[in-house]
Amino acid sequence: MDRQSGYLNIFPSVDPGVMQYGSNAGVQSISPYLNVDPAILNQDGPQYIFPEGASRNRGRFELAFSQIGGLIMTGAFLGGVQGFYSGYKQMGAVEQTASIRRTQFLNHISKRGAGTANILGVVAVMYSGFGVIFSWLRGVDDEVNTIAAGTATGLLYKSSSGLRKCGMGGAVGLGLTSMYCLWTSKDRIKQIFHL
């Protein structure tokens, strides 16, 4: 029996992969999966909805979450690698059974990874917090906030170790954030100094 000449004629005569609508003169295709006309969908790329008057860049507070999470994951990885190395070095010197060696090896990795992740996480929270506060106080988000947040983070992180180490921590924060700003803002610096 032919599909077109069936008793109930339940199969359409057009391709079932494409639905059509409209008059015979202007028949247009509709996606069978979405049941909409593909011509009305934007094919230029993704567009995001922003409140009227808002900037299209993420703010300092929104970036804080990815910075904190990224530094925690980086700290866990670097600490895990360091724990792997120290565990491997220690396991070679001590004669123990395989299960004890494996347990101590995993303990080295997890302890060092958690410790380094904790340190970098605390630094990231302090840096992000200072950055958000300085951005809110000044009303602008620029390189000055970044450098001030890095310096304040170094000062606060080492504040319990004495005045000398507190100053060294601030200098390290100032140096790291200054290098970051020089690296990421090359074009802006050239505009400022007319280079």
Side-chain angles (χ1 to χ4, degrees), residues 45-46 48 50 55-190:
Y48 303 101
F50 292 99
S55 72
R56 292 187 170 257
N57 296 331
R58 294 188 339 175
R60 189 108 184 182
F61 186 69
E62 293 175 89
L63 290 174
F65 294 104
S66 61
Q67 290 172 346
I68 293 167
L71 274 177
I72 288 173
M73 295 303 292
T74 301
F77 175 75
L78 293 176
V81 169
Q82 195 176 23
F84 180 84
Y85 177 71
S86 67
Y88 182 75
K89 215 163 74 170
Q90 185 180 7
M91 292 305 122
V94 179
E95 291 294 325
Q96 295 173 342
T97 64
S99 63
I100 293 174
R101 287 175 62 160
R102 182 179 58 241
T103 301
Q104 285 188 343
F105 191 65
L106 290 173
N107 286 342
H108 276 277
I109 293 171
S110 61
K111 185 175 181 180
R112 190 67 62 97
T116 308
N118 189 20
I119 291 170
L120 287 181
V122 167
V123 169
V125 167
M126 289 173 21
Y127 170 75
S128 298
F130 280 126
V132 169
I133 290 170
F134 291 145
S135 178
W136 178 71
L137 287 174
R138 294 185 64 232
V140 66
D141 188 21
D142 59 359
E143 289 82 12
V144 174
N145 292 345
T146 301
I147 293 172
T151 305
T153 299
L155 287 170
L156 182 62
Y157 187 73
K158 286 295 186 178
S159 64
S160 64
S161 299
L163 194 58
R164 183 169 184 254
K165 288 194 177 184
C166 179
M168 288 174 55
V172 168
L174 174 70
L176 288 174
T177 52
S178 296
M179 286 190 302
Y180 172 76
C181 287
L182 287 174
W183 179 260
T184 59
S185 304
K186 293 176 191 174
D187 298 332
R188 185 173 168 148
I189 293 170
K190 287 179 182 178

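Everything numeric here is computed off the predicted structure, so don't read it as measured data.
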Student: To the nearest 0.5 Å, what is the distance between OG1 on Thr153 and CG on Leu176?
Tutor: 11.0 Å
Student: For Leu137, does the CG atom have more than 12 heavy-atom neighbours from other residues, nucleotides or ligands under 6.0 Å away?
Tutor: yes
Student: Between atom CD of Gln104 and atom OG of Ser99, what is the distance when rounded to the nearest 0.5 Å?
Tutor: 10.0 Å
Student: Is it the case that the side chain of Ser178 and the backbone of Gly175 share a donor-acceptor pair, with hydrogens and angles ignored and the cut-off at 3.5 Å?
Tutor: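 Checked: no pair found.
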Student: Is the shortest heavy-atom distance from the side chain of Tyr127 to the side chain of Thr177 under 4.5 Å?
Tutor: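 They are in contact (side-chain heavy atoms under 4.5 Å apart), so the answer is yes.
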Student: With rounding to the nearest 0.5 Å, note down the distance linking OH in Tyr157 to NZ in Lys165.
Tutor: 11.5 Å
Student: Should the heavy atoms of other residues, nucleotides or ligands under 6.0 Å from CZ of Phe84 be counted, would the total exceed 12?
Tutor: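 12 or below, so no.
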Student: Measure the spacing between OG1 of Thr151 and CG of Leu156 and express it to the nearest 0.5 Å.
Tutor: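 Here the rounded value is 12.5 Å.
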Student: Backbone N or O of Ala124 within a donor-acceptor pair of the Ser128 side chain at under 3.5 Å?
Tutor: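 Yes.
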Student: Just how far is it from atom CE of Met126 to atom CG of Leu155, taken to the nearest 0.5 Å?
Tutor: 9.5 Å
Student: If you round to the nearest 0.5 Å, how far is CG of Asp142 from CD1 of Ile147?
Tutor: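 Atom-to-atom, Ile147:CD1 and Asp142:CG are 9.0 Å apart.
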Student: Where do Ser185 and Glu143 come nearest, in terms of heavy atoms and distance?
Tutor: OG-OE2, 2.7 Å
Student: What pair of heavy atoms forms the shortest contact from Ser86 to His108, and how long is it?
Tutor: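 Answer, listing the atom of Ser86 first, then His108: OG-ND1, 3.7 Å.
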